[in-house]
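Everything on this sheet refers to the single structure shown next.
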Amino acid sequence: EAEASTGRGLAIAERLDDPRLRSAALDALTSCAKARGAFAQSRQFAQQRLAFEDRLDLHERLDAHTMVAWASALLGDLAQADRSTASALGLFQSGQVHWWGLHSAAWRAYALTLLGRWDEAAQLADEFVDQSESGQRHYLEGMCRQVRAGIRLARGELEPALDDAAASLALGREARDPQALYPALAF
């Protein structure tokens, strides 16, 4: 039902040539596909948003790039996740990543870790955690702490790795969301 309604909304947005409304409808379809576990289709909807990103505001462009990166990471397409997160973070000036841009930074740290680019991933995770701790806590801080903990553990830095793992678990429990808690428990 939700997908059918959103499909009708997308048709209206296209008729009206309203990029913001079209992006919102495609984002909703992305979420519907994600809920069904159809990650390839979810990514396709997000990629459609990028086809007209020059007509979108910063938040919508950032979200579209991040959704492509997220789905790509889950599909194991780490090269695409790398490109998408680089594009998302490229929307900001160096050192000026907005709080919402941290979502892209977290997925970038994850992808870089799996690509074996640990130094870059660790630096990005450090910056993410520092920014999250110094202001409003970000939902994906736990994921970045897991990335950093895994790198630290692999490098033989046991105490800092355990500290990050404990902090990630505390954040997951605080969030009360299985997507945040279960990976922290598994780590």
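Numbers here are sequence positions counted from 1.
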Measuring from [X]:[atom1] to [Y]:[atom2], what's the distance to the nearest 0.5 Å?
| X | Y | atom1 | atom2 | value |
| --- | --- | --- | --- | --- |
| Ser168 | Gln146 | OG | CD | 3.5 Å |
| Leu124 | Arg148 | CG | CZ | 11.5 Å |
| Leu58 | Leu91 | CG | CG | 6.0 Å |
| Phe52 | Arg22 | CZ | CZ | 4.5 Å |
| Trp70 | Thr30 | CH2 | OG1 | 9.0 Å |
| Arg43 | Ser72 | CZ | OG | 4.0 Å |

Scan side-chain atoms only and decide if [X] and [Y] contain a donor-acceptor pair under the 3.5 Å cut-off.
| X | Y | result |
| --- | --- | --- |
| Ser23 | Arg20 | no |
| Gln123 | Glu127 | yes |
| Gln131 | His138 | no |

Taking the basic N atoms (NZ, or NE/NH1/NH2) and the acidic carboxylate oxygens, is any pair closer than 4.0 Å for [X] and [Y]?
| X | Y | answer |
| --- | --- | --- |
| Arg61 | Asp54 | no |
| Glu3 | Arg36 | yes |
| Asp119 | Arg155 | yes |
| Asp18 | Arg55 | no |

When you compare the side chain of [Y] with that of [X], does any pair of heavy atoms fall below 4.5 Å?
| X | Y | value |
| --- | --- | --- |
| Leu62 | Phe92 | yes |
| Val68 | Arg83 | no |
| Gln41 | Lys34 | no |

**Request:** Evaluate the criterion side chain to side chain contact (heavy atoms under 4.5 Å, CB included) for residue pair Thr85 and His65; output intermediate values, then yes/no.
**Result:** CA-CA 7 Å; Thr85 55; His65 282 290; over 6 Å; no
Any donor-acceptor N/O pair, [X] side chain to [Y] backbone, under 3.5 Å:
| X | Y | answer |
| --- | --- | --- |
| Arg108 | Asp82 | yes |
| Trp118 | Thr113 | yes |
| Ser42 | Ala38 | no |

Look at the side-chain heavy atoms of Ile, Leu, Val, Met, Phe, Trp and Tyr, link any pair under 4.5 Å apart, and say whether [X] and [Y] land in one connected group.
| X | Y | value |
| --- | --- | --- |
| Tyr139 | Leu102 | yes |
| Leu140 | Leu181 | no |
| Leu78 | Ile151 | yes |
| Leu114 | Phe128 | yes |
| Leu56 | Leu29 | yes |

Which heavy atom of [X] sits nearest a heavy atom of [Y], and at what distance?
| X | Y | answer |
| --- | --- | --- |
| Gly9 | Ala25 | C-CB, 4.4 Å |
| Ala46 | Met67 | CB-CB, 3.7 Å |
| Ala109 | Ala125 | CB-N, 4.5 Å |
| Leu89 | Ser104 | CD2-CB, 4.0 Å |
| Gly150 | Phe187 | N-CZ, 3.6 Å |

**Request:** May I have the step-by-step check of side chain to side chain contact (heavy atoms under 4.5 Å, CB included) for Arg152 and Leu162, ending in yes or no?
**Result:** CA-CA 9 Å; Arg152 286 175 167 174; Leu162 290 173; over 6 Å; no
**Asked** Quick one: side chain to side chain donor-acceptor pair (under 3.5 Å) partners of Arg145, sequence neighbours excluded?
**Response** Glu133, Glu141, Asp164
**Complete:** Taken in chain and number order and not counting sequence neighbours, the residues that satisfy ring pair (Phe, Tyr, Trp, His ring centres under 6.0 Å) with Phe45 are none
**Request:** Quick one: do Arg137 and Leu171 satisfy side chain to side chain contact (heavy atoms under 4.5 Å, CB included)? Show the steps, please.
**Result:** CA-CA 9 Å; Arg137 294 305 278 266; Leu171 289 165; 3.9 Å; yes
**Results of side-chain contact (heavy atoms from CB on, under 4.5 Å) for Tyr182 - residues two or more places apart only** = Pro178, Leu185
